[in-house]
Amino acid sequence: MEQHHDTGGDLSQREFEQVLWQHLDAAYNLARWLLHNDQDAEDAVQEAYLRAYKAFPRFRGGDGKAWFMTILRNVCYTMIKKLRSHETPELFDEEIHQVASEAEAQEAFRQKANAENLHSALEKLPDEFREIIVLHDLEGFAYKEIAAIVGVPIGTVMSRLARARARLRAEIIASNAKESSS
Amino acid sequence: MNHDEAAQLLSPYQDGELDLGTCLKLEGHVAGCPLCQQKLEGEKDLGDLVRSEAPRFKASPFLKTRIQAALQKESFPSATIPWWKHFSTTLKNPVLIGFSFLLVVLVADIFWSQKRMPTLAQESVANHVRSLQVSHLVDVASSDQHTVKPWFAGKLDYSPQVVDLSSSGYPLIGGRLDVLDHRNVAAIVYQRRKHYINLFIWPSNTDVFNGRLHHQNGYQVLEWAKSGMNYLAVSELGEKELREFAEMIQTQTIDSQSKE
């Protein structure tokens, strides 16, 4: 820190490490949730660091975490396109997941609310839903930051997150894993 | 605020993302709406579950080491990016294409002139040595430039300038036809004390000769280009005298041209 008046290359190298290494876990977590396995997630994070490293001279301060997560997200989606181009997305049947009343839904949810069901329900969500829940509920980004990372208006973040949660809840209720004995 | 509007806002309300005004309006509605109260409770349940049970994946400690290693050899293609991807991004950048093209041209040009010159220098030295060995120094022996210059007429498709430097200690000995770089060239012979200088003159279309001096087996070769002609002076004279000679030739050539 004391050597801030150093040659350009070294300085930006040091700044890069200061700004970006602290986001390694956040980056890995999002990549892992989007890509579903360790190997792809590690590759994506490495690629994101390489891109950020090259683009770092153009980074003019501000929120380094949001900037880096934007890069990482782009890398992930590029990989998703390549990896899953042959797969057709599983359709979500609203009818099957319909529950009679809010009270019944609440009861059903409480019975099935456990880590295992949550995990598999999250895995079943479409990428854009899973991503927004990870960014907000696991990584603690505010709506405004998510809007910047995902590249959508803040109103879209608000409605997408609400829909994502409704869907997650419905998936948990519909999960057929063993019910927790409450 | 009606119920549908309120139901939409429960999620951001739970996240603390509503402005104060909207917050108060929503709370006003929820207070009198059992369904919204239930829904809000459901939101809380879900939020609690996600926050307490959703696994946050942690990067392996080796990942940082691996990335640091990759960053250190950043200019090399990394293991995760196929080499052709780098190539295709280079191809997409017109500035890079232009730059690489320019580089290739420059390198080729330098290589060509560097490579070409020594061959010519070798050849001219060989000519010089031969001219001294076989007593075939000149075809036309004359110290008079007005005898030597016309002699070339009809033997070459150009007319070389012949200058008289006898007053400066470089008397003209004569002229000779020679072959250099697969073509007939004029060789003008001068003397300095007991040394001879062969001055080869032929037309140039590219100005690659830029006053360089080559050393070749104890001989000096000085090359330059002037007024559309290439000049190669070869002699066993030292560099200083050869440069002095070349300088005089250059000045006199202009003088004789302006006289005509």
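Keep in mind that what you see is a predicted model, and the values were worked out from it rather than measured. Each chain gets a letter, A, B and so on, in the order its sequence line appears, and its residues count up from 1. The basis for the numbers below is simple: all heavy atoms, side chains too, and nothing from hydrogens, waters or symmetry mates.
- For B:Leu63, the part lying near chain A is the side chain, with the backbone staying farther off; criterion is any non-hydrogen pair under 4.5 Å.
- Contacts between A:Ile172 and chain B at a heavy-atom distance below 4.5 Å involve the side chain alone, from C-beta outward.
- When heavy atoms are compared at a cutoff of 4.5 Å, A:Leu30 does not approach chain B at all.
- For A:Ala103, the parts sitting under 4.5 Å from any heavy atom of chain B are the backbone and the side chain alike.
- Between the side chain of A:Asn117 and the backbone N or O of A:Lys112, at least one donor-acceptor pair lies under 3.5 Å.
- To the nearest 0.5 Å, atom CD of residue B:Gln161 and atom CE of residue B:Met229 are 8.0 Å apart.
- One finds the CG atom of B:Leu242 at 7.5 Å from the CZ atom of B:Phe245 (value rounded to the nearest 0.5 Å).
- Contacts with chain A were tallied for B:Asp48, B:Asp15, B:Leu9; B:Asp15 has the most, counting heavy-atom pairs under 4.5 Å.
- Taking the six-membered ring for Trp and the full ring otherwise, the centers of B:His128 and B:Phe200 sit at least 6.0 Å from each other.
- Proximity to chain B (any heavy atom under 4.5 Å) is shown, for A:Ala26, by both the backbone and the side chain.
- For A:Val45, the parts sitting under 4.5 Å from any heavy atom of chain B are the backbone and the side chain alike.
- For A:Ala142, the parts lying near chain B are the backbone and the side chain together; criterion is any non-hydrogen pair under 4.5 Å.
- Atom CZ in A:Arg167 sits 12.0 Å away from atom CG in A:Leu122 (nearest 0.5 Å).
- Under the 30°/60° scheme for interplanar angles, the aromatic rings of B:Phe57 and A:His119 are found to stand perpendicular.
- Side-chain atoms of B:His215 and B:Glu239 include no donor-acceptor pair closer than 3.5 Å.
- Two residues are said to be in side-chain contact when any heavy atoms from C-beta on lie closer than 4.5 Å; B:Ser124 and B:Asn198 fail this criterion.
- When side chains are defined from C-beta on, A:Ile133 counts as touching A:Leu161, because their heavy atoms get closer than 4.5 Å.
- With a 4.5 angstrom heavy-atom cutoff, B:Leu10 does not touch chain A via any of its atoms.
- Comparing A:Phe109, A:Trp21, A:Tyr49 by how many heavy-atom pairs each has under 4.5 Å with chain B, the most go to A:Trp21.
- Ranked by heavy-atom pairs under 4.5 Å with chain A, the first of B:Gln8, B:Lys39, B:Glu17 is B:Glu17.
- Counting heavy-atom pairs closer than 4.5 Å to chain A, the top residue among B:Gly42, B:Gly16, B:Pro55, B:Ala54 is B:Pro55.
- For B:Glu41, the parts lying under 4.5 angstrom from a heavy atom of chain A are both the backbone and the side chain.
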